[in-house]
A.B. asks: 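Dumping the structure here so I can ask a few things about it.
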Amino acid sequence: MGSVFPLSLLLLLAASYWRSGTVLGRRVRRAQGPRESPPAPSGTSASFWVRINPQSVAVRPGASVWLNCSNNCLLPPNSSLHTQLRRGKTFSGPGWVSYQLLDVRAWSSDVRCFVTCAEETRGATARITTYKAPHSVILEPPVLEGGMYTLRCHVTRVFPVGFLVVTLRHGSRVIYSESLERFTGLDPANVTLTHAFHAGFRDLGQPVTCLARLNLDGLVVGSSSAPIMLTLAWSPASKALVFTSIAVLVIILVAVGTAYLRRCLAMRSLA
Ligand SMILES: *[C@@H]1O[C@H](CO)[C@@H](O)[C@H](O)[C@H]1NC(C)=O
Ligand SMILES: *[C@@H]1O[C@H](CO)[C@@H](O)[C@H](O)[C@H]1NC(C)=O
Ligand SMILES: *[C@@H]1O[C@H](CO)[C@@H](O)[C@H](O)[C@H]1NC(C)=O
């Protein structure tokens with residue numbers, strides 16, 4: 001519960017079951033550095049490498065992509081590309097081959113490039129994903145509990161989640177931002193972000209918004225929730241506390257009043 005663990009962040013991810021296209025390969029690759037072939041066993045040319053660039057790219061469904069597979073083979077190498085995507089043009093130069101892939105529609109495709117140099121074959125893998133802008137971004141009315149507002153933002157049917165950044169703003173101030181890099185699911189998913197924060201009385205006039213952005217190597221797509229004003233809407237727990245306090249106060253007043261009344265009556269009967 002947000003009130004028990006302030007600043008707690010809950011992320012719920014549910015993979016949607018609707019897909020389009022084929023999913024080629026289920027390996028999770030998250031390395032950001034060059035995706036190189038593993039070191040060669042001793043005795044072979046340890047310095048032979050194969051790289052693919054870019055290693056991870058997200059494109060609009062139906063777009064084409066260029067992948068550059070390079071190597072440092074000094075002999076005439078033999079290179080090939082393994083993919084189920086449709087191929088377009090191929091260009092090559094010394095130590096590299098650039099492949100075009102057309103009409104990418106699969107949510108996620110692993111494309112492998114193999115290079116054979118002096119009878120040794122090495123490969124490198126790139127992941128191409130198509131993106132899906134959030135279907136909706138909904139900020140629930142904030143709940144005030146234990147002096148903290150719990151903000152809950154739902155982002156539905158977005159892909160790839162690993163490229164998603166969810167930001168909560170209060171007025172023009174960013175109160176929380178989370179990059180979901182660690183999520184590598186291969187289907188559109190729903191994401192719920194929960195964040196608890198303190199707001200003073202002077203913050204009440206400012207709207208809170210939730211922004212969901214896909215940051216796709218230079219291309220940014222996203223949407224924002226409707227703004228919501230912070231109100232003093234009380235949670236059932238705080239309401240219960242307030243009612244209990246009022247009840248206790250009333251009992252005390254009644255007790256004091258009764259005692260006073262009794263005393264007055266006693267004084268009057270004495271007089
Ligand atoms: C994602 O959210 C949408 C809209 O609320 C819903 O229709 C869909 O079933 C959800 N998908 C999953 C996998 O929870
Ligand atoms: C492919 O990569 C190589 C090595 O990084 C570079 O020299 C070459 O210009 C690139 N080719 C294209 C078409 O980008
Ligand atoms: C180069 O690759 C082609 C197609 O993959 C293959 O038929 C050929 O035998 C290869 N040649 C060498 C020298 O590896």
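We count residues from 1, following the sequence as given. Each ligand, and each atom within it, is numbered from 1 in the order the structure gives. Just the heavy atoms: all of them, side chains too, but no hydrogens, waters or symmetry mates, feed the values below.
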A.B. asks: Can you check atom 5 (O) of ligand 2: any protein non-hydrogen atom closer than 4.0 Å?
C.D. replies: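 When distances to the protein are checked, atom 5 (O) of ligand 2 has no heavy atom within 4.0 Å.
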A.B. asks: Minimum distance, heavy atoms only, to atom 3 (C) of ligand 2: which one of Asn53, Ile52, Leu67, Asn68 is it?
C.D. replies: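 Heavy atom nearest to atom 3 (C) of ligand 2 belongs to Asn68.
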A.B. asks: Strictly by modelled atom types, are Arg51 and Ser70 linked by a side-chain donor-acceptor pair under 3.5 Å?
C.D. replies: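 Their side chains do not contain a donor-acceptor pair, so the 3.5 Å distance test is not met.
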A.B. asks: Looking only at the aromatic ring of each residue, does the gap between the centers of Trp66 and Phe91 stay below 6.0 angstrom?
C.D. replies: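 Between Phe91 and Trp66, the centre distance is under 6.0 Å.
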A.B. asks: By number and element, which atoms of ligand 1 are closer than 4.0 Å to a non-hydrogen atom of Arg157?
C.D. replies: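 Answer for ligand 1: 7 (O).
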A.B. asks: If we ignore hydrogens and angles and just use 3.5 Å, is the side chain of Thr130 paired with the main-chain N or O of Ala106 as donor and acceptor?
C.D. replies: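 Yes; judged by distance alone, with no hydrogens or angles, the pair exists.
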A.B. asks: Check the pair Arg105, Asp103 against salt bridge (charged side-chain N to carboxylate O under 4.0 Å, His left out), reporting the backbone distance first and the verdict last.
C.D. replies: CA-CA 6 Å; Arg105 292 192 182 273; Asp103 193 32; 2.9 Å; yes
A.B. asks: Hey, is ligand 1 close enough to Asn190 that some N/O pair sits below 3.5 Å?
C.D. replies: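 Between Asn190 and ligand 1, an N or O pair is found under 3.5 Å apart.
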A.B. asks: Applying ring-ring contact (aromatic ring centres under 6.0 Å, His included), run through His170 and Phe197 and close with a yes or a no.
C.D. replies: CA-CA 10 Å; His170 179 221; Phe197 96 113; 5.6 Å; yes
A.B. asks: Just distances here: any N/O of Ser70 and N/O of ligand 2 closer than 3.5 Å?
C.D. replies: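 No: no nitrogen or oxygen of Ser70 is under 3.5 Å from one in ligand 2.
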